[in-house]
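Count residues from 1 along the sequence. Indexing begins at 1, ligand by ligand and atom by atom, following the structure's order.
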Amino acid sequence: MQLVFLGAPGVGKGTQADKAAVQYGIRKISTGDLLREAVRNKTPLGLEAKGHMDQGRLVPDSVVIGLVREKLADSSHANGFILDGFPRTVPQAEALASVLVERSLLLDRVINFMVPREQVVKRLSGRRSCPKCQATYHLEFAPSKNGALCDRCGEALIQRSDDQREAIETRLRVYEEQTAPLISFYEKQGLLTHLNGSEAVETVYSNLANVLGVPKTA
Ligand code: AMP
């Protein structure tokens, strides 16, 4: 099964992708996670991406397309994949279409998660992350038991630079200008399903599972 998860930053698509990847036995490919890993490892790609990411801007298409092309060549995606945070521009969606043709694959569905803007801002501005094990928390909705420390590994939690107020505003503007056009792009292809992402994680997931159907492994 080949899926794309669309939606503004903070709609919870990464959380839903994690759950669906486990239940359906498919891989989650998050360009945000791949880029953050490259930044942490200070690879040439990471060094190029960092400035864009810190300010909430998109990393250039050529960089991200190359990254996804490389990941899709990996045979561990044989059962399928969920693309989380890719494509984010029309040229990325067109590049994805050609990679899929090259690999004789079809997209099964594109899920568009929708959450009101003020809720997204609240989710992103309260998010805290562990720089060591990458666990994420929320000051109000999912606080760490340890206060400012990670429950899993004890490291001091940080606020991602792109979760700071100004970067959040930029990310939401970039989403409206560059990513939202993908909704009609995929709607025209008959691939799009809208899901309300503002409910509890388990409720959203149960609606998602209804759309995706019974896992083959169940
Ligand atoms: P995310 O974790 O998906 O919100 O991504 C974090 C940041 O990584 C974004 O704000 C962008 O700077 C960069 N990024 C992630 N995916 C893409 C993409 N498909 N195209 C361009 N930049 C991306």
Got a sec, which pairs hit side-chain hydrogen bond (donor to acceptor under 3.5 Å, both in side chains) with one end in residues 175-187, sequence neighbours left out?
E187-H194

4.5 Å side-chain heavy-atom contact, I82 and M1:
no

Cluster partners of V174, using ILVMFWY side-chain heavy atoms under 4.5 angstrom, listed by chain and number?
L58

If two hydrophobic side chains count as joined below 4.5 Å and joins carry through other members, does V211 share a cluster with F5?
yes

With side chains defined as the heavy atoms from C-beta onward, is the minimum distance between R36 and M53 less than 4.5 Å?
yes

Would you mind writing out the side-chain donor-acceptor pairs for residues 90-101 within the sub-3.5 Å range, not counting sequence neighbours?
| from | atom 1 | to | atom 2 | distance (Å) |
| --- | --- | --- | --- | --- |
| Q92 | OE1 | R88 | N | 2.8 |
| Q92 | NE2 | D61 | OD1 | 2.9 |
| S98 | OG | E94 | O | 3.2 |
| S98 | OG | A95 | O | 3.2 |

Provide, line by line, the atom pairs where ligand 1 and the protein bring an N/O atom each to a distance under 3.5 Å; else say none.
| from | atom 1 | to | atom 2 | distance (Å) |
| --- | --- | --- | --- | --- |
| ligand 1 | 2 (O) | R36 | NH1 | 2.9 |
| ligand 1 | 2 (O) | R36 | NH2 | 3.0 |
| ligand 1 | 3 (O) | R88 | NH1 | 3.1 |
| ligand 1 | 3 (O) | R88 | NH2 | 3.2 |
| ligand 1 | 4 (O) | R88 | NH2 | 3.2 |
| ligand 1 | 4 (O) | R171 | NH2 | 3.2 |
| ligand 1 | 12 (O) | R57 | O | 2.6 |
| ligand 1 | 16 (N) | T31 | OG1 | 2.8 |
| ligand 1 | 16 (N) | G85 | O | 3.4 |
| ligand 1 | 16 (N) | R88 | NH1 | 2.9 |
| ligand 1 | 19 (N) | G85 | O | 2.9 |
| ligand 1 | 19 (N) | Q92 | OE1 | 3.0 |
| ligand 1 | 20 (N) | Q92 | NE2 | 2.9 |
| ligand 1 | 22 (N) | V59 | N | 3.0 |

